[in-house]
Protein chains: 2
Amino acid sequence: MTTVLLVDDHALLRKGFRMVLQAEPDLEVVGEAADGRVAVEQVRALRPDVVLMDVRMPGGDGITATEQIVAAHPSTRVLVLTTFDLDEYAFGALRAGASGFLLKNAEPAELVAAIRTVARGDAVVAPRATRRMLDLMADKLPAGDPAEPRADDRLAGLTPREREVLQLMAEGLSNTEIAERLVLSATTVKTHVGNVLAKLGARDRVQAVVVAYQTGLATPG
Amino acid sequence: MTTVLLVDDHALLRKGFRMVLQAEPDLEVVGEAADGRVAVEQVRALRPDVVLMDVRMPGGDGITATEQIVAAHPSTRVLVLTTFDLDEYAFGALRAGASGFLLKNAEPAELVAAIRTVARGDAVVAPRATRRMLDLMADKLPAGDPAEPRADDRLAGLTPREREVLQLMAEGLSNTEIAERLVLSATTVKTHVGNVLAKLGARDRVQAVVVAYQTGLATPG
DNA sequence: GCGGCACTCCTCCTCCAGGAGGAGGCCGGC
DNA sequence: GCCGGCCTCCTCCTGGAGGAGGAGTGCCGC
């Protein structure tokens, strides 16, 4: 069950959201707030999983509210709602730690899906804005490969496939799950895992995962 | 009507995608290609609206293919498919001009929605990767506050002893070794480990170790 | 053509990890 | 005093992990 707090200065809009979310058995609206200041208090009291936050509000704007909420309750995800695409408000909210944002005129199904997405720790960005984000990022994208400038000698002996398997191990996947993900038999995965362990000098997969993190093959983010 | 070209070295996978897309009246698969070189030719000949492209292929990789397609036919949108979240392949594809990317194990409905999204000129990024993108962008954004370590409260419920045990797990130690290190019986360690797994919602110690790294309890250094 | 490597898949076997379901001792708060 | 949380230790049991030992494919270089 995912608990949701609605934050918007329009009571009618909150009403509408509540209606939409009531139809979902796994979502529960536990509270509402009309401005940012009240929102912060509500989060402290109710500990919702997700906060649906309008960024443009009179009396305590959504950005500083988002900042405070994220700082005080990192496990609470803030999903920001805007009227326009990617304006300075949306950027500000993302900087403040929001888990994503949607347009207010999004489809109900889209909204519901977005809430579930941020609830499980992922992020959401409205499609039209995603393009702008990608464009903005284009020149910022790692031209080399910051994720792996290392080429730590320990990974040198691994084949591409083995590296792939190790990466999935580092995500916490079991052999069976890795097999499904890579469309392989579980036996083959075990072979790869065995090779990885031997080459890394690891006794079990946990030690291999440690190496994956140390070398940067896997990143905590 | 949106026309689609499938590019993947696995015939079976193409078959699967074709099945999924056939069920959609507004989508039509007009061709297939098994490698990047053929894909470029196919695009020139068939002028599809959207190209569904696997980045990891033998013989002409998906990245250079994406580059060439986007350069020669700007109206053709390339949607990239990857096995992992945001790896070097995905970054490369986005740099090359792809309109977005999805994980291969995405839901059919997700895939179909993504095709329609890129067809109308918007972009799509897999939810899990969106978070990483936002994190990457965070410091790039104007007036960016340094992305605080954001004390993760997933460890909040853990007792000091449990935290200690988790830390040793993250070093790759077995239950027996942890017992020796902490001068405990192996049984006790198993109890602590069990509690840690339950509190973190982890299925096995590997997943717990992943959380340890994500929260900063353990560091790759 | 042939060896080497990467990738795939198999069986049999052992052992540890993890769940279920306990139990007792210690300490601090109400 | 009693309750609750934390730490300690136990048994029984199942499933998956990992080792040993092969085997077949395809690709590449010599």
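To find a chain, count down the sequence lines: A is the first, B the second, and so on, and within it residues start at 1. For the numbers below, each heavy atom of this structure counts, side chains included, while hydrogens, waters and symmetry mates do not.
Checking dC10(C), dA17(D), dC6(D) against the side-chain heavy atoms of T187(A) singles out dC10(C) as nearest. Checking dA17(C), dG18(D), dT8(D) against the side-chain heavy atoms of R161(B) singles out dT8(D) as nearest.
Rounded to a whole Å, the NZ atom of K190(A) is 13 Å from the C1' atom of dG21(D). Rounding to whole angstrom units, CG of residue L197(B) and P of dA17(C) are separated by 11 Å. Between the P atom of dA17(D) and the CG atom of L173(A) lies a distance of 11 Å, rounded to the nearest Å. Regarding L184(B), its CG atom lies at a distance of 17 Å from the P atom of dC6(D), rounded to whole Å. What separates CD1 of I178(A) from C1' of dC7(C) is a distance of 16 Å, to the nearest Å. The distance from atom CD of E164(A) to atom P of dA6(C) is 15 Å, rounded to the nearest whole Å. Between the NZ atom of K199(A) and the P atom of dG18(D) there is a distance of 17 Å, rounded to whole Å. The nearest whole Å value for the distance from the CG atom in N175(B) to the P atom in dT8(D) is 14 Å.
Residues D8(B) and R14(B) approach most closely at O-NH1, 2.6 Å, considering heavy atoms.
For T191(A) and dC9(C), a side-chain-to-base donor-acceptor distance below 3.5 Å is present, hydrogens and geometry of angles not being considered.
Remark: R205(B) is in phosphate contact with dG18(C), judged by side-chain N or O atoms under 4.0 Å from OP1 or OP2. In this model, the phosphate group of dC7(C) is not approached by any side-chain N or O of T188(A) to a distance below 4.0 Å at OP1 or OP2. At dC5(C), none of the side-chain N or O atoms of T159(A) fall inside 4.0 Å of OP1 or OP2 (strictly under the cut-off). When the side-chain nitrogen and oxygen atoms of H192(A) are compared with OP1 and OP2 of dC7(C), none of them lie within a distance under 4.0 Å. Taking 4.0 angstrom as the limit, S185(A) places none of its side-chain polar atoms (N or O) nearer than this to OP1 or OP2 of dT8(C).
Distance check, rounded to the nearest 0.5 Å: CG of L166(A) to CD1 of I178(A) gives 9.0 Å.
Using modelled atom types, one finds a donor on one side chain and an acceptor on the other under 3.5 Å when comparing T188(B) with S185(B). For D26(A) and T2(A), the side-chain atoms include no donor-acceptor pair closer than 3.5 Å.
Comparing A202(A) and N195(B) against DNA chain D, the residue whose closest nucleotide sits nearer the 5' end is N195(B).
The pair R181(B)-E177(B) fails the salt-bridge criterion, with no side-chain N (NZ, NE, NH1 or NH2) lying under 4.0 Å from an Asp/Glu carboxylate O.
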